[in-house]
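Basis for what follows: all heavy atoms, side chains included, without hydrogens, waters or symmetry-related copies.
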Amino acid sequence: NMRHTSRSIEILTKLKVVILTSIVLLLVTQVGVKAEPKTYYGVNYYSYTERTDEQDPFMELKTNIPTFILGLRDETAIRSINSSDKISYNVEGSFGNVTYTQWTGAATHTHNYWTVQTEGLYALPYNFYAGVGYRYLKDYLSAGGYGGYDRQNMLLYIPAGYARNNFKLQYNFLVEGSQFSELSQIPGYGDLTNEQNDGFGLELSYTFLDGGSDGGWEIFTKYWNIEDSTTNSSTGSKWIITGMEPLNETFEVGFKRLF
């Protein structure tokens, strides 16, 4: 219907704006900056939990095998105490396979997911920094068979933190989130979009540099806490439904190899 079409266009517009902003930030880092970009790969353990007042946990996703990570970053500006550089950035993608379980015990299955996360960061005095970040997740719940549907989650946030030498601590202030449930994959239903306006994230990492080289190892953990979403309705060819996305938490812990 027209409401769904309009909302879909709005979501796509926001997505394009954030992607273009990230591209501009990356281009800025190539102009007049002594960049020291590092490519990295790694693995992590990933878990996602939804909680409600009636059922805790309501639903869980947990990795079967370690999630694979690949990324590019330049953190010269935010980690240095005497650099004239002001801009740092990172772009990271991940791909993994998770087991889905829910409180009723039904429909347990495994499926794939992937994420893209990008940040542009501005160095502040005394090794503090702030910037803009964006995280996108695609979750293939439809692999569970009839009644399953894919999900897309988009988070726009402000990262602020402290980085010095090998240590980095970051707090993510959620600006806006959106959960897009592709319910139209179930006959008779229409897609549903819910806004997520309250939440935060935390990131902590420590890097062990190789002696005499630019490479190294990094251990890290990430955490997201997103509150209950707004309630919204969708209209399909047979059914009209009203739903919301419950409070959810995401936890990751792993390591990266920098080179």
If we count only N and O atoms by modelled type, under 3.5 Å, do the side chains of T67 and S94 hold a donor and an acceptor together? no
Could you check whether K222 and Q117, counting side-chain N and O atoms only, form a donor-acceptor pair closer than 3.5 Å? yes
Does Y134 form a side chain to side chain donor-acceptor pair (under 3.5 Å) with E119? I'd like the steps, not just the answer. CA-CA 7 Å; Y134 176 76; E119 296 174 345; over 6 Å; no
Close side-chain approach of D228 and E245, heavy atoms under 4.5 Å: no
Any chance you could lay out the ring pair (Phe, Tyr, Trp, His ring centres under 6.0 Å) test for F173 and Y157, step after step, and finish with the verdict? CA-CA 5 Å; F173 298 85; Y157 61 95; 10.0 Å; no
S233 versus T242, side-chain donor and acceptor atoms under 3.5 Å: yes
Between Q185 and P187, what is the shortest heavy-atom contact and its length? O-CD, 3.8 Å
Run the numbers on E218 and R73 for salt bridge (charged side-chain N to carboxylate O under 4.0 Å, His left out), then give the verdict. CA-CA 13 Å; E218 180 176 281; R73 74 187 192 194; 2.8 Å; yes
Minimum heavy-atom separation for N127 to R164, with atom names? OD1-CD, 3.3 Å
For Y100 and E60, which I'm curious about, is there any donor-acceptor pair between the side chains at under 3.5 Å? no
Does Y136 have K138 sitting over its ring (NZ/CZ under 6.0 Å from centre, angle to axis within 45°)? no
Are Y48 and Y46 close enough that their ring centers fall under 6.0 Å? no
Over all heavy atoms of both residues, which pair between F220 and N44 is shortest? Give the atoms and the distance, please. CZ-CB, 3.8 Å
Any donor-acceptor N/O pair, T63 side chain to P66 backbone, under 3.5 Å: no
Looking only at heavy atoms, the pair that brings N232 and N194 closest together is N-ND2, 3.6 Å
Distance only, no hydrogens: is a donor on one side chain within 3.5 Å (strictly under) of an acceptor on the other, for E75 and N90? no
Verify side chain to side chain donor-acceptor pair (under 3.5 Å) between E227 and Q196, making sure each step is shown before the conclusion. CA-CA 7 Å; E227 297 292 332; Q196 298 170 309; over 6 Å; no
On the 0 to 90° scale, with breaks at 30° and 60°, tag the W103-F58 ring pair as parallel, tilted or perpendicular. tilted
Compare all side-chain heavy atoms of Y223 with those of F200 and state whether any distance is below 4.5 angstrom. yes
Of all heavy-atom pairs between Y129 and L169, which one has the smallest distance, and what is that distance? OH-O, 3.8 Å
Can you confirm whether V175 sits close enough to I158 that some side-chain heavy atom of one is under 4.5 Å from a side-chain heavy atom of the other? yes
Nearest heavy-atom approach of A143 to H109 is C-CD2, 4.2 Å
Do Q179 and N153 pair up side chain to side chain, a donor and an acceptor below 3.5 Å, judged on atom types alone? yes
Main-chain N/O of D74 paired to S88 side chain as donor or acceptor, under 3.5 Å: yes
Identified side-chain contact (heavy atoms from CB on, under 4.5 Å) partner of T207 from the options K256, R79, K38, K168: R79
In terms of side-chain heavy atoms, does E252 have a donor or acceptor partner in Y45 at a distance below 3.5 Å? no
With distance as the sole criterion, is a donor-acceptor pair present between the side chains of D85 and T76 under 3.5 Å? no
Check the pair D191, S184 against side chain to side chain donor-acceptor pair (under 3.5 Å), reporting the backbone distance first and the verdict last. CA-CA 5 Å; D191 294 334; S184 59; 2.7 Å; yes
